[in-house]
Amino acid sequence: MDNLLYRSKLLGLGAEITPAMIKGTRDLIVPLLPKHDSQKIAVRRDIKYGPDARHRLDLYSAKDSPDPFRPVLIFVHGGGFVQGDKHSEGSPFFTSLGDWAVNQQFNCVCLTYRLAPEHHWPSGVEDIEFAMNYLHRNASELGINAERFVLMGQSAGASHVASYVVHCRKLVKLKALVLLSGMYDWTTMPLREQEISYLDTQDKSELQKRSTLEGLLNCGIPLLLSVAELEPDFFHQQNAQLLVAWQKKHGNLPHIVHSISQNHVSVAMALGLPNDVLGPRLAEFISLHS
């Protein structure tokens with residue numbers, strides 16, 4: 001599909017994250033994706049990493065030439081803290097992301113986690129800690145390299161990833177960190193119902209403690225930030241706030257990708273497509289830092 005036509009169709013869906021926008025984005029992207037090649041890419045689904053029914057992960061690797069020394073891209077999906085999954089039967093997402101990673105000479109893990117309103121902060125921190133410890137402990141059996149983990153999250157997943165890095169007492173070693181349209185300062189974020197249901201508080205002092213902006217500045221992990229062009233203003237504000245604070249502290253900026261002609265949900269869905277701005281930069285960033 002022509003890039004201008006693709007952009008026009010996404011613009012027509014609007015930036016607000018609604019069921020109609022999400023469905024429209026999926027309907028636009030699905031026909032453009034290459035089909036999963038099961039002869040080339042091996043997938044181990046629903047590996048249990050913790051005690052809850054949603055503590056599941058999928059592992060993607062090259063089928064004919066498995067390489068345990070490749071970087072491992074670990075992806076945490078979004079969904080506004082209240083929905084989402086690593087894979088749904090009949091959907092190409094996020095198998096398409098795993099396929100993209102393997103085609104870039106990486107191994108890939110996509111994981112899911114517990115959801116609000118049943119589960120509140122810090123369940124996201126705990127779930128990623130479960131997953132990372134499992135992957136590190138079982139790396140040899142899984143055929144992955146525990147020394148080359150790159151952790152990436154999108155939207156609520158990016159917020160969970162940031163919380164893991166900032167609030168987990170004992171991190172598994174990370175070579176790099178990728179945050180796609182996350183939320184990092186709960187005191188300046190216009191909280192919607194789903195954020196309130198996960199954070200389980202509107203007290204300013206508690207929101208400050210649960211924020212991650214200051215901690216990210218001091219994490220010492222190479223960072224790539226991405227924000228999409230066509231998404232709600234508060235995502236731009238949250239990322240700009242982090243960039244300003246980063247520059248003030250470090251005198252420079254982290255790696256940044258402004259995903260032109262993408263919306264909030266399309267960025268991870270469209271990896272590898274001709275209109276994908278993030279993919280080449282992400283592959284370069286992972287190769288550089290892992």
When every non-hydrogen atom of Y113 is compared with those of G157, the smallest separation belongs to OH-N, 4.1 Å
Matching residue for F81 among M183, H120, R192, R114 - test: side chain to side chain contact (heavy atoms under 4.5 Å, CB included):
M183
Does R56 pair with D85 as a salt bridge, N-O distance under 4.0 Å?
yes
Determine the sole option in L10, L273, V265 for which the side chain to side chain contact (heavy atoms under 4.5 Å, CB included) test with I29 is passed.
L273
Might you work through the side-chain contact (heavy atoms from CB on, under 4.5 Å) test for S226 and I256, ending with a clear yes or no?
CA-CA 6 Å; S226 174; I256 311 163; over 6 Å; no
In one Ile/Leu/Val/Met/Phe/Trp/Tyr side-chain cluster, 4.5 Å: L28, L97
yes
Can you tell me how far CG of L13 sits from CD1 of I22, rounded to the nearest 0.5 angstrom?
11.0 Å
Going by heavy atoms in the side chains, are L225 and L242 under 4.5 Å from each other?
yes
Treating T95 as the side-chain partner and S91 as the backbone partner, does any N or O pair qualify as donor plus acceptor under 3.5 Å?
no
Using only atom types and a distance under 3.5 Å, with no angle test, would you say the side chain of N107 pairs donor to acceptor with the backbone of D67?
yes
Apply the side chain to side chain contact (heavy atoms under 4.5 Å, CB included) test between R44 and each candidate in D58, L142, L57, V109; give the one that qualifies.
L142
For a quick test of reading the model, state the closest non-hydrogen atom pair linking Y6 to A270 and the distance between them.
OH-CB, 3.9 Å
Heavy-atom pair of closest approach, residues D64 and Q39:
OD2-O, 3.7 Å
Go through the steps for Y60 and C110 under the test side-chain contact (heavy atoms from CB on, under 4.5 Å), then give the verdict.
CA-CA 8 Å; Y60 298 81; C110 295; 4.0 Å; yes
Just by distance, do the side chain of H250 and the backbone of L217 share a donor-acceptor pair under 3.5 Å?
yes
Counting only heavy atoms not in K48 (residues, nucleotides, ligands), do more than 12 fall under 6.0 Å from its NZ?
yes
Name the residue from M269, K9, H264 that meets the side chain to side chain contact (heavy atoms under 4.5 Å, CB included) definition with T25.
M269
Do L191 and L213 share a hydrophobic cluster, counting only Ile, Leu, Val, Met, Phe, Trp and Tyr and linking them when any side-chain heavy atoms are less than 4.5 Å apart?
no
Go through the steps to decide whether V150 and I74 satisfy the test side-chain contact (heavy atoms from CB on, under 4.5 Å), and finish with yes or no.
CA-CA 6 Å; V150 176; I74 302 162; over 6 Å; no
Charged N-O contact under 4.0 Å between D46 and K86
yes
Could you report the tightest heavy-atom contact between Y49 and D127, atom names first, then the distance?
CE1-O, 3.3 Å
side-chain contact (heavy atoms from CB on, under 4.5 Å) between L223 and H255: does it pass, once the steps are laid out?
CA-CA 6 Å; L223 172 64; H255 294 258; over 6 Å; no
With a 4.0 Å cut-off, would you call K170 and E129 a salt bridge?
no
Count the heavy atoms of every other residue, nucleotide or ligand shown that sit under 6.0 Å from CG of N252, and state whether that count exceeds 12.
yes
Only residue of V72, I144, L59, I47 satisfying side chain to side chain contact (heavy atoms under 4.5 Å, CB included) with L135 is I144
Side chains of D203 and S205: do they bring a donor and an acceptor to under 3.5 Å?
yes
Roughly how far apart are S159 OG and Y184 OH, rounded to 0.5 Å?
6.5 Å
Ring centers of Y198, H160 separated by less than 6.0 Å:
yes
Close side-chain approach of V166 to E214, heavy-atom, < 4.5 Å
no
Given 3.5 Å as the limit, does a donor-acceptor pair link the side chain of Q247 with the main chain of V244, or not?
no
Less than 4.5 Å apart, any side-chain heavy atom of R70 and any of V102?
yes
Quick one: do L179 and L224 end up in the same hydrophobic cluster if we chain Ile, Leu, Val, Met, Phe, Trp and Tyr together by side-chain heavy atoms under 4.5 Å apart?
no
Is any side-chain heavy atom of Y164 less than 4.5 Å from a side-chain heavy atom of V172?
yes
Is a side-chain donor-acceptor pair under 3.5 Å present for S266 with N263?
yes
Regarding S155 and S181, do their side chains bring together a donor and an acceptor under 3.5 Å, going by distance alone?
no
With a 4.5 Å limit on heavy-atom distance, are the side chains of L271 and L278 in contact?
yes
One should read off an interatomic distance between K209 NZ and L207 CG, to the nearest 0.5 angstrom, of 11.0 Å
So how far is it from L73 CG to C108 SG, rounded to the nearest 0.5 Å?
4.5 Å
Decide if the gap between the ring center of F94 and the ring center of H77 is smaller than 6.0 angstrom.
no
Counting only heavy atoms from other residues, nucleotides and ligands, does the tally under 6.0 Å from CD of E193 exceed 12?
no
Could you grab the distance from atom CG of N218 to atom CH2 of W246, nearest 0.5 Å is fine?
9.0 Å
Would you mind reporting whether P68 and N145 have side-chain heavy atoms less than 4.5 Å apart?
no
Would you say that M132 contacts F149 through its side chain, given a criterion of any heavy-atom pair below 4.5 Å between the two side chains?
yes
Check this for me: K63, atom NZ, are more than 12 non-hydrogen atoms of other residues, nucleotides or ligands nearer than 6.0 Å?
yes
With hydrophobic residues grouped by side-chain heavy-atom distances under 4.5 Å, do I286 and V267 end up in a single group?
yes
Would R210 and E206 pass as an ion pair if we require N to O under 4.0 Å?
yes
Determine the minimum heavy-atom distance between I128 and V161, stating which atoms define it.
CD1-N, 3.6 Å
In terms of side-chain heavy atoms, does T188 have a donor or acceptor partner in Q238 at a distance below 3.5 Å?
yes
Between D52 and H55, is any pair of side-chain heavy atoms under 4.5 Å apart?
yes
Nearest heavy-atom approach of A176 to H289 is CB-CB, 4.1 Å
Using only atom types and a distance under 3.5 Å, with no angle test, would you say the side chain of T212 pairs donor to acceptor with the backbone of A162?
no
Regarding E147 and K175, does a basic nitrogen lie under 4.0 Å from an acidic carboxylate oxygen?
no
For the side chain of D200 and the backbone of I196, is there at least one donor-acceptor N/O pair under 3.5 Å apart?
no
Any donor and acceptor pair, going by atom type alone, linking the side chain of S8 with main-chain N or O of L4 inside 3.5 Å?
no
Identify whether W186 and L216 are in the same connected component of the hydrophobic contact network (ILVMFWY, side-chain heavy atoms under 4.5 Å).
no
Donor-acceptor contact below 3.5 Å, side chain E229 vs main chain S261
yes
Nearest-0.5 Å distance that lies between atom CD in E126 and atom OG in S163:
11.5 Å
